[in-house]
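Data block below; observations after.
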Amino acid sequence: SGASATRAAADAVAGAQGAGVPEEWAVHKVAIILAEHAAEEAAAAGRSASDIGREAAAVAGAVDVTADEALRTGSLAAVLAMNRHIVITAGKHTPPEHVAKLSLAAAKGAGANGAMAAALAARVGAQTAAELVASREGEAPADVGRSALEAAAAVGLPAREATALASTAAASAVAGARPTGEKPAKITAVIRQAVVATGIPAGLAVQLTAKVAAETVARRSIANGEDATMAGKRSLEAAEASGIPSGEAMQIAGKAAAAAVAQDSARATLGSDIAS
């Protein structure tokens, strides 16, 4: 109920503050956590997409945040919960259009207006649709790109915006599904195939392919215990394989390697803090 949600929110914020968390940050995090929990529970109970949105929005609104933040938080929580539920229950062969339209219904149920709901549903739905296809045996990278575009376009988004979201989703999904130990140039090639299939302009396709390939290869290199120099070398190989000019490839690879090292260091520090 609204009263119980308000009490839960107040208790959670008080608990966070008691642990030394600043009030503003505590309120923000509590809104996210409670909205996600409410959306997940509604999805697990088999509620409709609209109901999932309404539950998430109601709980987010019970926290002492602005109306805009409650709307954004509830909408995002609902769409993410809906997509996780689709993956668990409907499986790898769920049509992209179905993923997107359920996402849209969840966002609208949370109170998001047409444009906001469509953008959110397209972004999350395209990513889910792309990952579902990428996880299937025998699917070509181009199939991933086409599925991402189908999902992004299914909610009425303008073509240019749908293509941009789909290309990013497809690149990420294909990169994440590549087997361990694959050569940098091969990773770049399959990412390019997925990106091009979305219909993105050629110049943007090259830039996106280079960026995602370089970042993927750098993260994998560091995760495999290689040093920053080797991560940079492999990342450069991946970027150059996209066909991007050498100078741009070097910049992209350098940023990718630096980010991978920083992320690895942050994880190590967090693990050390938790252990101590």
Side-chain angles (χ1 to χ4, degrees), residues 92 96 122-124 126-153 160-265 267:
K92 297 179 178 181
R123 177 165 59 86
V124 180
Q127 190 65 54
T128 298
E131 290 175 358
L132 287 173
V133 176
S135 69
R136 299 198 308 237
E137 290 289 338
E139 294 285 357
D143 293 331
V144 177
R146 284 189 286 268
S147 294
L149 181 60
E150 184 179 340
R160 179 179 293 184
E161 192 173 347
T163 300
L165 288 173
S167 59
T168 301
S172 173
V174 169
R178 302 315 301 170
T180 302
E182 192 165 59
K183 299 293 186 182
K186 175 63 175 177
I187 292 174
T188 303
V190 296
I191 291 173
R192 184 193 300 113
Q193 291 171 38
V195 169
V196 168
T198 67
I200 189 174
L204 295 178
V206 169
Q207 291 177 355
L208 179 60
T209 296
K211 181 177 183 295
V212 175
E215 291 172 348
T216 300
V217 170
R219 283 195 303 270
R220 290 187 174 196
S221 175
I222 295 298
N224 288 336
E226 295 179 336
D227 61 19
T229 300
M230 183 56 70
K233 179 180 178 180
R234 295 190 189 282
S235 183
L236 179 59
E237 181 182 345
E240 288 180 333
S242 71
I244 202 167
S246 179
E248 291 183 52
M250 291 179 67
Q251 289 183 353
I252 289 171
K255 289 179 181 178
V261 171
Q263 289 169 4
D264 185 66
S265 177
R267 282 193 295 268

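Nothing here was measured: the structure is a model prediction, and the numbers come from that model. Side-chain atoms are counted along with the backbone in the values below, which use heavy atoms only and exclude waters and symmetry mates.
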Listed partners of E237 passing side-chain hydrogen bond (donor to acceptor under 3.5 Å, both in side chains), at least two apart: none
Considering all heavy atoms, the nearest V144-A130 contact: CG1-O, 3.6 Å
Donor-acceptor contact present, side-chain S135 to main-chain L132, <3.5 Å: yes
Distance (rounded to the nearest 0.5 Å) between L149 CG and L165 CG: 10.0 Å
Side chain to side chain donor-acceptor pair (under 3.5 Å) pairs, two or more places apart, involving residues 180-191: R178-E182
Polar side-chain atom of S242 near backbone of A238 as donor-acceptor pair, under 3.5 Å: no
Side-chain heavy atoms of T163 within contact of R160, under 4.5 Å: no
Enumerate, atom names and distances included, each donor-acceptor pair closer than 3.5 Å involving a side-chain atom of residues 245-255, sequence neighbours excluded.
none

For S147 against V133, the heavy-atom pair lying closest together: OG-CG2, 3.2 Å
Shortest non-hydrogen contact between V212 and S172, atoms and distance: CG1-N, 4.4 Å
Shortest non-hydrogen contact from A228 toward A257: O-CB, 4.4 Å
Side-chain donor/acceptor of D143 to backbone N/O of A140, under 3.5 Å: yes
Salt bridge (charged side-chain N to carboxylate O under 4.0 Å, His left out) against E226, all qualifying residues, sequence neighbours excluded: R234
Pairs where residues 201-225 contributes a residue and the test salt bridge (Lys or Arg N to Asp or Glu O under 4.0 Å) is met, not counting sequence neighbours: K211-E215
Closest contact, heavy atoms only, S235 versus A256: OG-CB, 3.5 Å
Distance-only criterion, 3.5 Å: show the donor-acceptor pairs between side-chain atoms of residues 197-208 and protein atoms not counting sequence neighbours.
residue: T198; atom: OG1; partner: V195; partner atom: O; Å: 2.6

Taking every non-hydrogen atom, the tightest pair across A134 and A173: CB-O, 3.8 Å
